[in-house]
Amino acid sequence: MLLTSMIFIPLVGAIIVLLVPRDREDAAKWIAFLVTLIPLFLAVLLYFQYDPTSVEIQEVVETSWIKAFNIRYHTGVDGLSVTLILLTALLGPICVGASWKIEKGIKVYLSLFLLLETGMIGFFCALDLFLFYVFFELTLLPMYFLIGVWGGPRREYAAIKFFLYTLFGSVLMLIAMIAVYLNSSVDPGLRTFDIPTLISLAQTSGHALADPTFQIWAFLGFFIGFAVKVPIFPFHTWLPDAHVEAPTAISVVLAAILLKMGTYGLVRINFAMLPAGMDFFTNGLGRWGNALAILGVVNIIYGSLCALAQTDFKKLVAYSSIGHMGFVILGLAARNEAGVTGAILQMLNHGVISAMLFLLVGVVYDRAHHRDINGFGGLGAKMPIYTGITTLAFMASLGLPGLSGFVGEALSLLGAYSKFQLLTILSTIGIVVGAAYFLWTLQRVFLGDLNPKYEAIEEINMREIATLIPLGVLTIVLGIWPHFAIEMFRNSVVGLPLQ
Amino acid sequence: MIVTFIFIILICPLASFTFFAISSLMGRKSSRQDLISTFAMLIAFACAFLLFMQVLGNPSIYKVAGASTHTTDWIQIDNVSLPMGFLFDSVTSIMLLVVTIVSSLVHIFSIGYMHGDPRYPRFFAYLSLFSFSMLFLIVADNLLGIYIGWELVGLCSYLLIGFWFEKDSAANACKKAFLTTRVGDVGMFIGMMMLFTKFHTFTLFGENGIFELVNNLESSDLTWLSIAGILIFCGAIGKSAQFPLHTWLPDAMEGPTPVSALIHAATMVAAGVYLAARMFPILTDVSSLFIAYVGGITAIFAATIAIVRWDIKRVLAYSTVSQLGYMMLAIGAGSYVAGLFHLTTHAFFKALLFLGSGSVIHALHVHHNDHDDGHHDDEHSDQPVERDGIPPEQDMRNMGGLRHKMPVTFWTMLIATLSISGVPFFFSGFWSKDEVLGATLERAMESGSAHYYILFFMALVAAGVTALYMFRLIFLTFTGQPRDQGMYEHAHESPKSMIIPLIILAVLSFPIVNKWSVKKYIEQPGQVHNHLAPEHANQFVLYAAAGSADHHDSTSHTAHKGHSPAHNIAMGLSIFVAGLGILLSALFYHWKTFSAETIANKFRGVHRILWNKYFIDEFYDGIIVRATIIGAKIFGGIDKYLVDGLVNLVAIIVNYIVAFLVGLFDNKVVDFLVNSVAGVTWKFGGRVRRVQTGVIQNYLFVILTGVILLIIIFRLLV
Amino acid sequence: MSNITLEHYLLISSILFTLGVFAVLTRRNAITILMGIELMLNSCNINFIAFSRFVKSPTTVGAGEVSLAIEGQIMALFVIVLAAAEAAVFLAIILSIYREFNSISPDETNTLKG
């Protein structure tokens, strides 16, 4: 019940928001804010209700949906889902808060946002492959409009690029999904989309799903679908464009949640459901054995170096996201406890930190109306609190110990090192370059002489601080005591087919 | 008990920083941050002192190497477990004491020095954060904990170097410091990963600690262990500003002087030495030699650069680099005790030198620019000009004769200078430096290895050069005739809050304190190579296994300086070179028998190399930094034009092909049908639309007519 | 008096209805058009009442008694309510039209002309 209401309350909210009279648009904001608080409350409830010591999937709701194809409405959570649902629910009110200043069609904007939230939470709960796919696609549509209508000058280009790219991926995913469905049983009546069933079938030796060749191909199909979302080189070029054009709150959701949908899919489907396929690409043997790890390292180094070259603040953060998602891929490729825990932790931490970074970019953009890093200078003197929070976020992002970014990175690398020594050593270049671009940005924006244009720039206001504080606190708390998060998903990690 | 004290020591400075962070987030200025921070530090100092006393009275603590007192699982996932805990042994207790003493004194000094700065509270908050991080680094019982503290002190160093961030030079320096040390840290992290992969733990001591597990290694693992040791030492190279990653430390002098004293002289940079000492048991012959060479080269290399500096703080900075090299050399030469001993004495006299220079700068600074938080606008006509980018109040060419104006500063700095120069018997620096030299020579004699003879020679030369440039600093600053009358006129002795720390540190530069603390209570752990490489077994005699009741026996090799021939030779030579250095310095800068300019002109090439610091900065900026940025630009370009271009190209091609094919079908078939239907509809619509008059009565009329017609038709049909 | 038959009522109502139609079709004032519509509705009401008086109720046929067919009267009440509602809507529309066109003549409000 908890999950169902969490999924559909934003949807109801979306409709309510649309019905608000035009001259009461402020009310629409408050309604949307309150509506997003409900899933947050429910998510906290879920956090306390969820029993992390059990390996079972919890809060299961299961009813028949489309009988002809044995498609079921099957939702439930394990530790990984709970973690990501919490993150999603937390970002709901924060994003509404960050959208407070939007003027154009705020009602439609908010209801699309709420629709997006339904899609995201639903995605993390879905246990039926078809439902999973439906929610996956459900996020696409609102995102398309949110970027395409409320975005920057090149919004149409960015929105269409995002849409087509993701669609390209999801078509392959759909094919793989249907292949899995058709292979799940010889008897058409017994075929199923049910993920837990498929996972156990795929581990039954002799079953058609367990066939390594089949798994490799299915793996590829799903992988490309998710790789576009993560994004993994070379499917990443939609990301900088989408981020640059999207409004602040949408960038936040895009970086914090939508990218996680890709990695979540990799864990849930590719890792858990297709172990033989996973093994083929990560066993360190043969021509393909290092493929996933190489992609991770390429993401790290390539993303970081590209970030170093950017002068657009948002593009820089976007490329840094690409770099950070590389650690997730590398950690997953390690397929051991440290690596996978690190990867999942990095997913969560990146969600928190990148959300902060995009919110911070939004703050300065609202005041200066541009994002050219070289066009600022010396803001530290005028905006000390803003500078302090930005420093915190940057430090967390470049992996300073004591803040959450470090734990995920360190664990991913530790896990990966035991398997891919050379690649892991290579990936540490990304750590240095990561520090370089963040510090360089810090210097160009905040240090040095004050740019006279910003003599009268306003300090960050209370509303903006309020959106940042929960994330900042989370960054520090998870950095000092990562157990809070690890405890949640420890059993999900152990339940995966590790090596 | 011990744990409680350690907790208090850690929490005090942390609470002070947290208080500042929260109050400034709420928009309030915490006006008494200076007192809060200082008070927190004094409490920490009191606890550290009590702990130290406990160690003195309780041999069971310092006898057991690495007594881990409190552990808790930081990260725990089935087979992977990363516990965090406190480590408390004699080394910890001494480090805690050193850090809290210097930090407290620097806090007090800063109350006077930073007075009137617009970001005065923030300065103290940063100092608190730094103290916390440093203390955490010291008490961590595992490599990961050390790494956490290690990076946090790096952050504080970054924040404090860039404290006056309006200056471009400061903004550049802080970035450089962070990035340079990060390069080393990455090496350290790789080393840590190597160890973790092998041993599945980061914990150092104890049954399942690295130092215990390392004994199970095969001798074929020796190379692997050497590499791991060297990689971990990379962290120390970065943090302790060893060659070739030393360039950030002189630039770090852009920070306020108390920061230089605390972070860049006494504590943070010494953390590298602390790390090397902690990792001592896993150092193999190869990695020891590597460390010794890095230390030796750094010692002589930095000392030579210091001779030609004019900036008083830069001289001290290079001197710090050089002295850190000494400590590394000691550890590389296998004398753990000598390294830590020198670390302790150096912390006090170098902090004193920096604070003294701060006092001088303060005196001259106030004169020409009342509380100008570091800006130097040279618009006033009587301003001394800035030469070679050195702020006038730090330029020794503007000083001279200041001893009359600032007697306390002069005398305290002189004591520190005598100490660092190795003037015999009454100064702590002599004993610790002698310890280092003796240990190196002893290693050389015992192993018969030419490497260690070379290193001994390098260290000896460096000792002489140290005496030379330190006395040059004293002569140029305090004696002779004032070279800038304007500045001299306005110079004044510093306020009490600045003088008192100087006096306390001067007392600590006398040998009794340090000998009492370090030499007796540190025990040297055994090293792994002794188990693994039988050919070196004879050396192991030196570090006879711990456990003997009398610690004098167990550390026989180092505890009795002067008892072995090596030490006697080293002591004699060290007194000789120190005397030579001082004499040369006096001839050049005091009695002016020779002219330094003439020599400089004669050896212009050498002078140029030294003045430009061996062109290492140029090499880094010109080649490494530029290459990275160009590389990044290339990658950025590739991404923008090639990868994204390909994507767009695919999109265009697909678009084109599909459009063409579909277009063909469209034009010939679909369009025809559609067009004809549309045409018909169009024409028909054109006619019919006239019926729509827009007048409602017309419609009603039509309806009525229709109804009547229907009735008629109905009638007719029925 | 008893020779007033159903036909009389129907005749009256037809006259009223015709008048109503006439008013709707020819008047140049929307209010009068409304009045015409009301006339037509009321003529229907007369029909309903008349039929309810003169037609046996099918529901009571079984009992053999003659009684009023209550459905007709109910229907009339419905129509009255409907007329009231319709008048309200109509007047509101007319007000808006007047604001928009400064006139309530149907001739001038012909912007829907094709």
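Every chain is numbered from 1 and lettered A, B, ... according to where its sequence line falls, protein lines coming before strand lines.
Of the inter-residue distances, the one linking S418(A) atom OG with K198(B) atom NZ reads 12.5 Å to the nearest 0.5 angstrom. Atoms CG and CE, from L155(B) and M395(A) in turn, are 5.0 Å apart once rounded to the nearest 0.5 Å. Considering CD1 of I476(A) and OG1 of T18(B), their distance stands at 8.5 Å, rounded to 0.5 Å. A distance of 14.5 Å separates OH in Y437(A) from CD1 in I629(B), rounded to the nearest 0.5 Å. Rounding to the nearest 0.5 Å gives a distance of 9.5 Å between CH2 of W481(A) and CE of M84(B).
For M26(B), the CE atom counts as densely surrounded, since its 6.0 Å shell holds more than 12 non-hydrogen atoms of other residues, nucleotides or ligands. With a 6.0 Å radius and a threshold of 12 heavy atoms from other residues, nucleotides or ligands, I469(A) has its CD1 atom above the threshold. Counting heavy atoms of neighbouring residues, nucleotides and ligands inside a 6.0 Å radius, atom CZ of R463(A) exceeds 12 of them.
Taking the six-membered ring for Trp and the full ring otherwise, F165(B) and F446(A) have centroids separated by 6.0 Å or more. Aromatic ring centres of F178(B) and F438(A): separated by at least 6.0 Å.
With a 4.5 Å cut-off on non-hydrogen atoms, A416(A) does not touch chain B at all. Of the atoms belonging to T341(A), it is side-chain heavy atoms, and not backbone ones, that fall under 4.5 Å from chain B. Interface remark: T628(B) contributes backbone and side-chain atoms alike to the contact with chain A (heavy atom separation under 4.5 Å). Contacts of F136(B) with chain A are absent, with no heavy-atom separation under 4.5 Å from either backbone or side chain. Contacts of L442(A) with chain B are made by side-chain atoms alone, with heavy-atom separations under 4.5 Å and no backbone atom involved. Proximity to chain B is limited to the side chain of I486(A), based on heavy atoms less than 4.5 angstrom apart.
The side chain to side chain contact (heavy atoms under 4.5 Å, CB included) test with P401(A) singles out one residue from D185(B), L144(B), I148(B), and that residue is I148(B).
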Take C174(B) and L439(A) through the test side-chain contact (heavy atoms from CB on, under 4.5 Å) and record every step on the way to the result.
CA-CA 9 Å; C174(B) 65; L439(A) 293 184; over 6 Å; no
From CA spacing to verdict: side-chain contact (heavy atoms from CB on, under 4.5 Å), L25(B), I389(A):
CA-CA 9 Å; L25(B) 203 57; I389(A) 300 176; 4.1 Å; yes
Please step through side-chain contact (heavy atoms from CB on, under 4.5 Å) for the pair D639(B) and Y302(A), ending with a clear verdict.
CA-CA 9 Å; D639(B) 196 61; Y302(A) 187 84; 2.7 Å; yes
What verdict does the side-chain contact (heavy atoms from CB on, under 4.5 Å) test give for I190(B) and T424(A), after you've listed the backbone C-alpha separation in whole Å, the side-chain angles of each residue and the deciding distance to 0.1 Å?
CA-CA 9 Å; I190(B) 296 173; T424(A) 311; over 6 Å; no
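Among the candidates E487(A), E337(A), Q421(A), R490(A), the residue making the largest number of heavy-atom pairs closer than 4.5 Å to chain B is E337(A). Comparing G380(A), S304(A), G377(A) by heavy-atom pairs within less than 4.5 Å of chain B, the highest count is held by G380(A). Considering only heavy-atom pairs separated by less than 4.5 Å from chain B, the leading option among I385(A), V432(A), L414(A) is L414(A). Among G378(A), G415(A), P234(A), A410(A), the residue making the largest number of heavy-atom pairs under 4.5 Å with chain B is A410(A). Comparing L646(B), D168(B), V643(B) by how many heavy-atom pairs each has under 4.5 Å with chain A, the most go to V643(B).
By the salt bridge (Lys or Arg N to Asp or Glu O under 4.0 Å) test, R154(A) is found to be paired with D241(A), residues two or more places apart in sequence or in another chain being considered. Shown here are the salt bridge (Lys or Arg N to Asp or Glu O under 4.0 Å) partners of E254(B), two or more places apart in sequence or in another chain: K167(B), R314(B).
A side-chain donor-acceptor contact under 3.5 Å links W74(B) to the backbone of I480(A).
Taking the side chain as every heavy atom from C-beta outward, P240(A) and K640(B) never approach each other to under 4.5 Å. The shortest side-chain heavy-atom distance between V647(B) and F235(A) does not fall under the 4.5 Å cut-off. The shortest side-chain heavy-atom distance between E151(B) and F406(A) does not fall under the 4.5 Å cut-off. The closest side-chain heavy-atom distance from F635(B) to L308(A) is not below 4.5 Å. Side-chain contact between I634(B) and L305(A) is absent, with no heavy atoms from C-beta onward closer than 4.5 Å. For the pair K161(A)/D644(B), a side-chain contact is recorded, criterion being any heavy-atom separation below 4.5 Å from C-beta on. Side-chain contact check for L413(A) versus M193(B): some heavy-atom pair is nearer than 4.5 Å. Counting heavy atoms from C-beta on, the side chains of Y158(B) and L400(A) never come closer than 4.5 Å.
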